[in-house]
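Below is one structure, written out as structure tokens; comments come after it.
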There are 2 protein chains.
Amino acid sequence: MKKQISAKKNAHHHGDLRNALISAGIELLNEAGVEGLTLRKCAARAGVSHAAPAHHFRGLKGLITAIVTRGYKLFGAEMNQYIAAAEPDPKSRLRGCCKGYVQFSRSHKALASIIFNKANCFEDEPEWQEAADAAYQVLVDICAPFKHRHDRPELTEIAVWTMLEGYVNFERNGVINDGYRHSTQLHIDLLIDMLCLEVASD
Amino acid sequence: MKKQISAKKNAHHHGDLRNALISAGIELLNEAGVEGLTLRKCAARAGVSHAAPAHHFRGLKGLITAIVTRGYKLFGAEMNQYIAAAEPDPKSRLRGCCKGYVQFSRSHKALASIIFNKANCFEDEPEWQEAADAAYQVLVDICAPFKHRHDRPELTEIAVWTMLEGYVNFERNGVINDGYRHSTQLHIDLLIDMLCLEVASD
DNA sequence: GCTTAATGTTGACACTGTCAAGTGAGCAGA
DNA sequence: TCTGCTCACTTGACAGTGTCAACATTAAGC
């Protein structure tokens, strides 16, 4: 009765359960939003029992940390892709970066909504820290060529970052392009342009 | 055995359970964050059984809708208070409004984190819609006196609103004033100033 | 005073994350 | 080859959660 298990190939060793669980989690996020992300559902989708994930992650928070880590990599990749497709001048590259940021938020709604919430993650995971830093560095680099009348150069990064974050938040929650009354064809470019950034002459 | 209930005054009728549940919910949010907000805990704190809230709200989502509704009123009041305390010129009033926005986010962390998420609420609740509109109107009015080199005047509101939302989001998640490296004494004023708003001459 | 609706209670259900204990597969060493 | 051991996974349990149906009590309308 129990010996039939030997017929099945990998009854006990999945092979790459960790990655399978992360992928299952991202699928669930895409399909059912944050509410649909559950340890047990991830396990079921990966074809293992409900307690199997505990051997690979520190509970649900650990799984989310891993999901967000992969999310940061997708996020950085999306921005870099749009930057690469842009004209080589600094302003076009900045526009491309913003486009990638917004595009990522649109195509990964639920993932984008949890990615910046530190409280969801174990901050002591080095891989998470690394991925977050890498994604942020994309923005730092893209803002580096610009100056502003302010004397504090880092304000440019923060202003752009802040505007992007607010923009995608409102878009996700239907405030912009849905509930907002004037907003026919509102693009993030217009908002970024309001910062009056100028390329620093070297 | 059962007749002892008559000794107690209001065994079955709380009197104002609906408001008591909302207050309990806000307390829980302040004490334990979003994770700590639970229908059963609210009921327990209000001194009723776990299923009592169902007679006043459409489930947890309904309770959150009511909490957010009260949150919007606090939010608008906080902005108006700072506006009233500011100098009467448009720029000072705008700075006051932003200060109120940030201050609300700081003193009601968890509440502020859910207030703009439409998905948490029943959008068909008229009281919710009304409170949200009123809070938004504060910002519209405060931005009205300004012009910008852009031809679309509503962009000013969106830019300010967007920046504020991104700013408090990052602050809440520890990106600004905690994780961010350069940010000694970063104020929202500096970011708003980058928008180069000017008072329209009438 | 009777009826009826409003308001709370009780108990159950499915679902969640987490823990403890058990089981099987593969591997290291003799 | 056999023995023991560790890792990966399963099973079963537990306390919480939201929600529902059935019931009890109070308040209100007539």
Side-chain angles (χ1 to χ4, degrees), chain A residues 1-22 24-25 28-29 31-67 110 114 119-122, chain B residues 1-25 28-29 31-68 110 114 119-122:
Chain A
M1 204 167 177
K2 287 181 182 176
K3 288 296 175 184
Q4 293 176 347
I5 296 175
S6 58
K8 209 105 186 186
K9 227 170 77 177
N10 280 329
H12 266 258
H13 282 67
H14 178 282
D16 195 13
L17 182 55
R18 185 185 156 87
N19 278 316
L21 287 168
I22 298 174
L28 283 171
L29 277 176
E31 294 170 14
V34 183
E35 310 292 311
L37 178 60
T38 279
L39 259 183
R40 290 172 108 106
K41 283 187 200 158
C42 288
R45 188 164 291 216
V48 294
S49 74
H50 66 267
H55 293 269
H56 295 273
F57 304 102
R58 284 185 278 171
L60 177 61
K61 192 172 178 180
L63 173 58
I64 292 179
T65 304
I67 289 174
I114 63 172
N120 290 333
C121 298
F122 288 120
Chain B
M1 204 168 175
K2 286 180 182 176
K3 290 294 174 183
Q4 294 177 346
I5 296 176
S6 58
K8 208 105 187 185
K9 226 170 72 177
N10 281 329
H12 266 258
H13 282 67
H14 179 282
D16 195 13
L17 182 54
R18 184 186 155 88
N19 277 314
L21 287 168
I22 297 174
S23 298
L28 283 170
L29 276 176
E31 293 171 13
V34 182
E35 311 291 312
L37 178 60
T38 277
L39 258 183
R40 291 172 107 105
K41 283 188 198 156
C42 289
R45 187 163 290 215
V48 294
S49 71
H50 66 267
H55 292 272
H56 296 272
F57 305 102
R58 286 185 277 171
L60 177 61
K61 192 172 178 179
L63 173 58
I64 292 179
T65 304
I67 290 174
V68 168
I114 63 171
N120 290 331
C121 298
F122 288 119

What is the distance, to the nearest angstrom, from the [atom1] atom on [X] to the [atom2] atom on [N]?
X: R58(B); N: dC20(D); atom1: CZ; atom2: P; value: 12 Å
X: L63(B); N: dT19(D); atom1: CG; atom2: C1'; value: 14 Å
X: L21(A); N: dA8(D); atom1: CG; atom2: C1'; value: 12 Å
X: K61(B); N: dC20(D); atom1: NZ; atom2: P; value: 14 Å

Measure from the side chain of [X], starting at C-beta and using heavy atoms only, and say which of [options] lies closest.
X: L60(B); options: dT19(D), dT9(C), dT16(C); answer: dT19(D)
X: H55(B); options: dA20(C), dT17(D), dT7(C); answer: dT7(C)
X: A52(B); options: dT17(D), dT10(D), dT9(C); answer: dT9(C)

I'd like to know whether E31(A) forms a salt bridge (Lys or Arg N to Asp or Glu O under 4.0 Å) with K41(A), so could you lay out the CA-CA distance, the side-chain angles of the two residues, the decisive distance to 0.1 Å, and finally the verdict. CA-CA 12 Å; E31(A) 294 170 14; K41(A) 283 187 200 158; over 6 Å; no
Give one of base, sugar-phosphate or nothing for [X], where a contact means two heavy atoms less than 4.0 Å apart.
X: K41(A); result: sugar-phosphate
X: S49(B); result: base
X: H50(A); result: base

The reported gap from OG1 in T65(A) to CG in L60(A) (rounded to nearest 0.5 angstrom) is 9.0 Å
Walking DNA chain D from its 5' end, the first of R40(A) and V48(A) to be reached, judged by nearest nucleotide, is V48(A)
